[in-house]
Amino acid sequence: MNICPEKSVVKTYNKFSKLPLGSVTARGWLKEQLLRSKDGMGGFLDILEPEMIATPFHTYSAFKELPNFAKDLDPTFAAGWSSEISGTYWTGLVQLAFTLNDQELIDKATTWIEGVLKHQEPDGYLGGYPAHTDRKADYNAWGSAWCYRAMLSYYEATGRQDVLDAVHRGLLWFCEDWKDHKTDYTGSIIIEPMVIVYAYTGDQRLVKFCEDWIEWLEGNSRWQNKVSQYLSDDLPYSSMHVVAYGEDVKHPAILYCANGDETLLKASVNGMDKALRRIVQTTGGASSCCEHLSPKGAINETEYCNFSTFNHSYSWYAIVTGEARWGDEMERCLFNGAEGARKKDERAIAYFTAPNQLLATRASTSFGSHASMSAYSPCYYIACCPAQSVRTVPEFIRSMGLIDDNKDLYLLCYGPADVKAPKIDFTMDTLYPFRDTITLNVTRAEDAVLNIRIPAWCKAASVTVNGKQVGLINAENGYARIDSAIAAGDTIVIRFPMEITITKVDDSDSASKFPLSIERGPLVYAIPVPEKWTAYEGEPITPMPEDWCWYEVRPDTSDFDHSDFYKSFNEASWSKAIDENITPDKIRVTEHDIDGYVWENPPITLEVPLYHARNAYIYNATRIFESWENPLKTEGEAAMSTLVPHGCTNLRITYLPRAVKK
């Protein structure tokens with residue numbers, strides 16, 4: 001989401017705005033991934049689950065039964081769940097359409113928008129709750145806000161006034177019907193479209209409604225979503241659904257955009273910073289065991305919703321605060337955890353994944369409320385995560401470029417893309433994050449100033465313009481300005497040398513085993529586990545077409561000596577441990593020629609000296625677990641093992657157990 005300055009009619013306090021949707025379109029490997037999404041879940045979720053996803057905002061449709069559930073669901077509950085999942089999907093589809101610049105998908109998004117406009121009731125109500133359900137329910141505001149996110153994204157890309165007007169009327173319905181009513185869980189997400197539409201209309205009623213909600217939460221919320229709690233240093237585990245926290249924590253900062261209250265901004269920033277300290281893994285995943293706030297750990301799982309939710313919130317922090325560090329968090333989240341939980345053909349995701357994972361089956365989750373949450377599925381009957389996955393990559397792409405009040409461009413994140421900004425257009429050709437060089441070919445420049453985020457991990461960034469070294473003028477908050485006049489036809493080459501860093505993971509609140517993680521630039525590396533994928537029917541709400549299915553993933557043991565499986569398992573490539581005193585100079589970097597899709601065939605690997613650790617894992621385990629001993633007893637001398645980017649895997653060991661010699 002975004003506040004477009006060219007559409008704003010009142011002052012807002014955010015430091016930057018994103019380039020409007022459609023200004024950044026995918027190239028290279030990013031385009032390949034979006035095309036796979038179009039042919040996969042991105043293009044087909046509404047077809048796979050029509051009542052739950054395709055038409056709740058057209059006809060009040062909603063799924064009525066769950067698998068193995070004998071009776072129809074409560075209509076209010078069903079309406080809320082279907083509204084959330086449908087709105088989430090269409091938010092992703094609209095962004096997928098315009099970041100891919102795909103006319104077929106744009107037409108599909110337009111057809112949905114037209115249906116939503118016809119669906120609006122005479123009094124302005126626009127949502128998924130029929131009149132006979134409880135429209136005071138928390139999920140009415142939550143689900144409606146998702147619909148409005150999709151519509152406002154479409155408005156941003158097209159400028160269609162009737163779409164903005166419909167959202168405005170829908171929000172005013174809440175201002176009137178909920179003026180003496182608030183909810184304390186996720187309904188406050190509606191603050192986001194309220195502030196955006198305020199910026200476009202100047203309607204103070206929207207701001208007053210948001211201020212009332214934030215004040216009401218302070219005295220009435222049961223959850224970790226009060227301003228006073230965000231300002232505190234405390235973030236109790238198990239106290240809140242992580243995806244709700246990831247959404248709610250940004251709301252004071254978004255309201256700050258409208259009223260300039262610095263306390264609100266401070267609260268949101270502190271609230272996210274303590275989440276980064278306590279629950280966000282090296283892989284970028286927010287630890288969400290049983291979907292609730294939980295500590296870092298090798299087998300502690302992340303619900304897929306959180307890759308999308310936290311990345312979306314990070315992008316808001318980037319535009320509100322003007323700080324480049326949020327781009328570091330966005331790249332960490334997408335390039336590692338989010339990619340590592342996706343089937344590479346974009347036709348399934350895992351609801352729960354962990355840094356260390358030898359199994360992804362219908363029985364392997366350690367913390368899921370449903371056994372199948374660790375398997376790979378295109379559409380679980382709890383379909384929030386599949387729908388969320390559609391928006392993850394497009395939202396990242398559309399957040400790459402930010403502009404300030406002078407229309408000067410700031411590059412927040414990097415990847416292959418075409419960028420059209422007010423003062424400059426260019427192509428960005430790169431294999432980043434697998435390479436350290438980014439080439440910008442400028443096609444238009446009018447008094448252009450270009451600012452680039454210097455990643456926190458980079459110590460010696462450099463830039464050339466047409467082959468000549470130029471300076472970088474350090475600006476505040478992690479950006480640097482390229483010290484050169486820029487003209488059409490220029491070739492700008494940015495280089496961010498990547499060094500290896502080794503981190504001892506603080507898992508003291510879960511296992512106290514302090515494993516090591518290895519990073520180079522924005523990528524985290526893992527021991528890849530050879531994978532065997534097995535399709536099965538699964539438990540979708542709607543039976544799937546023949547060419548769609550669910551999957552279990554197990555280690556591929558086809559080359560094991562099956563006459564002594566136990567021995568072969570103990571000699572497997574993943575039964576390793578690492579010297580906790582290892583230094584980066586002991587690790588070799590190998591760049592490979594591009595051979596197909598980057599997340600299937602990694603163009604970079606590390607060679608790391610690791611020790612063999614017998615009995616590290618149990619050969620017949622059915623659940624994900626970590627090695628018992630700490631540190632692990634090892635055998636022989638260290639030998640080089642190949643590590644690949646975490647995002648190139650679906651089974652892996654990313655948090656490396658520490659070794660002790662026998």
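In what follows, residues are counted from 1 in the order of the sequence shown.
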Any chance you could measure [X], atom [atom1], to [Y], atom [atom2], to the nearest 0.5 Å?
X    : Y    : atom1 : atom2 : answer
T91  : Y154 : OG1   : OH    : 14.5 Å
R169 : L126 : CZ    : CG    : 9.0 Å
H646 : Y655 : NE2   : OH    : 9.0 Å
D507 : N300 : CG    : CG    : 8.5 Å
S294 : R278 : OG    : CZ    : 10.5 Å
I518 : L523 : CD1   : CG    : 13.0 Å

Parallel, tilted or perpendicular: rings of [Y] and [X] (30°, 60°):
X    : Y    : result
Y314 : F310 : perpendicular
W178 : W213 : tilted
Y256 : Y13  : tilted

Output a table of donor-acceptor pairs, distance under 3.5 Å, between side-chain atoms of residues 237-244 and any protein atom two or more places apart or on a different chain; print 'none' if there are none.
residue	atom	partner	partner atom	Å
Y237	OH	D509	OD2	2.7
S239	OG	P236	O	2.6
H241	ND1	Y185	OH	2.9
H241	NE2	E291	OE1	3.2
H241	NE2	E303	OE1	3.3

Legend entry - For F16, ring-ring contact (aromatic ring centres under 6.0 Å, His included) partners two or more places apart: Y410, Y479
Inset, instruction - Would you please indicate yes or no on a ring centroid separation below 6.0 angstrom for Y198 and F209? - result: no
Legend entry - Aromatic ring proximity F307/Y304, centre distance under 6.0 Å: yes
Do any N or O atoms from the side chain of [X] and from the backbone of [Y] form a donor-acceptor pair under 3.5 angstrom?
X    : Y    : value
D138 : T186 : yes
S17  : C4   : no
T503 : V505 : no
D328 : P455 : no
S232 : Q229 : yes
N225 : D184 : yes

Inset, instruction - Kindly check if the number of other-residue, nucleotide or ligand heavy atoms within 6.0 Å of CG (D405) is above 12? - result: no
Any salt bridge between [X] and [Y], counting N to O under 4.0 Å?
X    : Y    : answer
E211 : K208 : no
E395 : R149 : no
D177 : K136 : yes
E176 : R205 : no
D212 : K179 : no
K18  : E156 : no

Legend entry - Test side-chain contact (heavy atoms from CB on, under 4.5 Å) applied to Y139 and D134, step by step: CA-CA 10 Å; Y139 260 44; D134 180 11; over 6 Å; no
Inset, instruction - Report the C-alpha distance between K423 and D408 in whole Å, list the side-chain angles of each, state the deciding distance to 0.1 Å, and finish with yes or no for salt bridge (Lys or Arg N to Asp or Glu O under 4.0 Å). - result: CA-CA 7 Å; K423 296 181 179 180; D408 292 334; 3.0 Å; yes
Side-chain donor-acceptor contact under 3.5 Å, [X] with [Y]:
X    : Y    : value
S308 : T392 : yes
E247 : W142 : no
E218 : S228 : yes

Decide yes or no for [X] and [Y]: does some side-chain heavy atom of the first lie under 4.5 Å from some side-chain heavy atom of the second?
X    : Y    : value
T321 : N477 : no
E339 : Q33  : yes
W146 : F57  : no

Inset, instruction - With sequence neighbours excluded, tell me which residues meet salt bridge (Lys or Arg N to Asp or Glu O under 4.0 Å) with D418. - result: R27
Legend entry - Test log, rule salt bridge (Lys or Arg N to Asp or Glu O under 4.0 Å), inputs R325 and D273: CA-CA 11 Å; R325 66 183 177 109; D273 279 342; 2.9 Å; yes
Legend entry - Qualifying residue for side chain to side chain donor-acceptor pair (under 3.5 Å) with E331, from W457, Y414, Y432: Y432
